[in-house]
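Here is the structure we will look at, set down as structure tokens.
The structure displayed is predicted, hence computed values, not measured ones. So you know, we letter chains A, B, ... as the sequences are listed, proteins then strands, and number each from 1.
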Amino acid sequence: MLTILALASVVLLGIVPQQSEAIVIYTGWERHALVGSDIRLSCSFFSWRWTSDDVTFSWSYRADGARDAISIFHYTGGAPYLDNKGPFRDRLEFVGNPGRRDGSILLKNLDYGDNGTFTCDAKNPPDIVGRASSVRLLVFEKVPIQAGVITGSIIGAVLGLLLLIVVIYYLMRFLVARRVFNLSVSKHGKKGKGKEGSQQRQASPLVVDPSKLKAAASEKKKQESRKDKK
Amino acid sequence: MLVLLAGIFLLHLTSIILLLAATIDNAWWMTKTVSTDVWARWILANVTWSSNDLPGNYPHEYLQAVQASSILACIFSSLGLFVFVGQLFTLSKGQRFTFSGIFQLLACLCIMIAASIYTDIFHKNESDGWYGHSFILAWISFAFTFISSIIYFVLRKKTAN
């Protein structure tokens, strides 16, 4: 039964790619960086096919406000080709691992002129149909706190404090009740020991007493509440 | 007794709805072409409204404080409603609805903080424009939650369930 199931799943997985052979490329959505720092732009892809030897990665850059994109990086035939004429010459480094479907690049010594959109396009022959993915780079003098961080932390802190107070309140009530219960048990125990010489059969009831005491206490409470209702 | 209970429940529900309207709707400050608030800014261009980000010169710590406390007010008020219903069935005769009162009081405090910060920090020097309905609803819900919490602190359970 299991073998049939396994065979069926393998056959299905083999059939499906024939219909949906699109390659899916993943980059970030937006990256923030400080002036003068380095940043790693990651790009990876998902494909139903095995990673072929002819896999290619291609990065292009479109500056903020510019109309066209220029190509800054290309990996093909097992070798990376970096930008040696454009705005990123000597500032680009290939840090990806094409065998593991990683085509990330490292941008060094960022400047305000590097604000823009970086697009990664990967192809894994014969799986070549896909949509390129873009990541937006924003260069700051001082990295601002992201919108919502302060909001979320205030809400979380207040709710957490509230939860803590409620837990402590119920813990205190539980501990106080246990202390009162222990005191009453010790009182009951002293009374029982006085009569031990005459009635030894009542030694075992002393052990069972705690549960009986609790039952008696709850019974008393129920009776009181019934009286209140009336 | 049932009528009183229904009235109190309705008051609490109304305050929740007003708080939600004040928090969610982007209308704390309005001009003829702009309706802005704690989340986004609506700008009227010709005939259509478009949603824009809030300007960068907003003091963002205060903005996020207003956002956080108005959300907290909504949360506390909604939790308070459930606590009230729960206390309705678990309280013994003669006891007060302190827990529900505490939640409503916290909600009142939070929305007061939000509205006060907004009044004092934002749009102080802008003369063309007026406070929008979200702002007004925030202050009205402050009054409602305050009244509601006072009622909860004073009310005693008359009949046991």
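Every side-chain contact (heavy atoms from CB on, under 4.5 Å) that B:L20 has, sequence neighbours left out, goes to B:I16, B:I24, B:C74.
For residues 105-120 of chain A, a heavy-atom distance under 4.5 Å to chain B picks out no residue at all. Using a 4.5 Å cut-off between non-hydrogen atoms, the part of residues 154-165 of chain A that approaches chain B consists of A:I154, A:I155, A:V158, A:L159, A:L162. Among the residues in residues 105-137 of chain B, those with a non-hydrogen atom closer than 4.5 angstrom to a non-hydrogen atom of chain A are B:L106.
Listed here is the closest heavy atom pair of B:Q64 and A:V149: OE1-N, 3.7 Å.
More than 12 heavy atoms of other residues, nucleotides or ligands sit less than 6.0 Å from atom CZ of B:F97. Within a 6.0 Å radius of OH in B:Y62, no more than 12 heavy atoms belonging to other residues, nucleotides or ligands are found. At most 12 non-hydrogen atoms from other residues, nucleotides or ligands lie less than 6.0 angstrom from CG of B:L2. Remark: A:F46 CZ is packed, more than 12 non-hydrogen atoms of other residues, nucleotides or ligands lying under 6.0 Å away.
Listed for the B:Q67 side chain is no donor-acceptor partner under 3.5 Å among the backbone atoms of A:T151.
Neither the backbone nor the side chain of B:L63 comes within less than 4.5 Å of any heavy atom in chain A.
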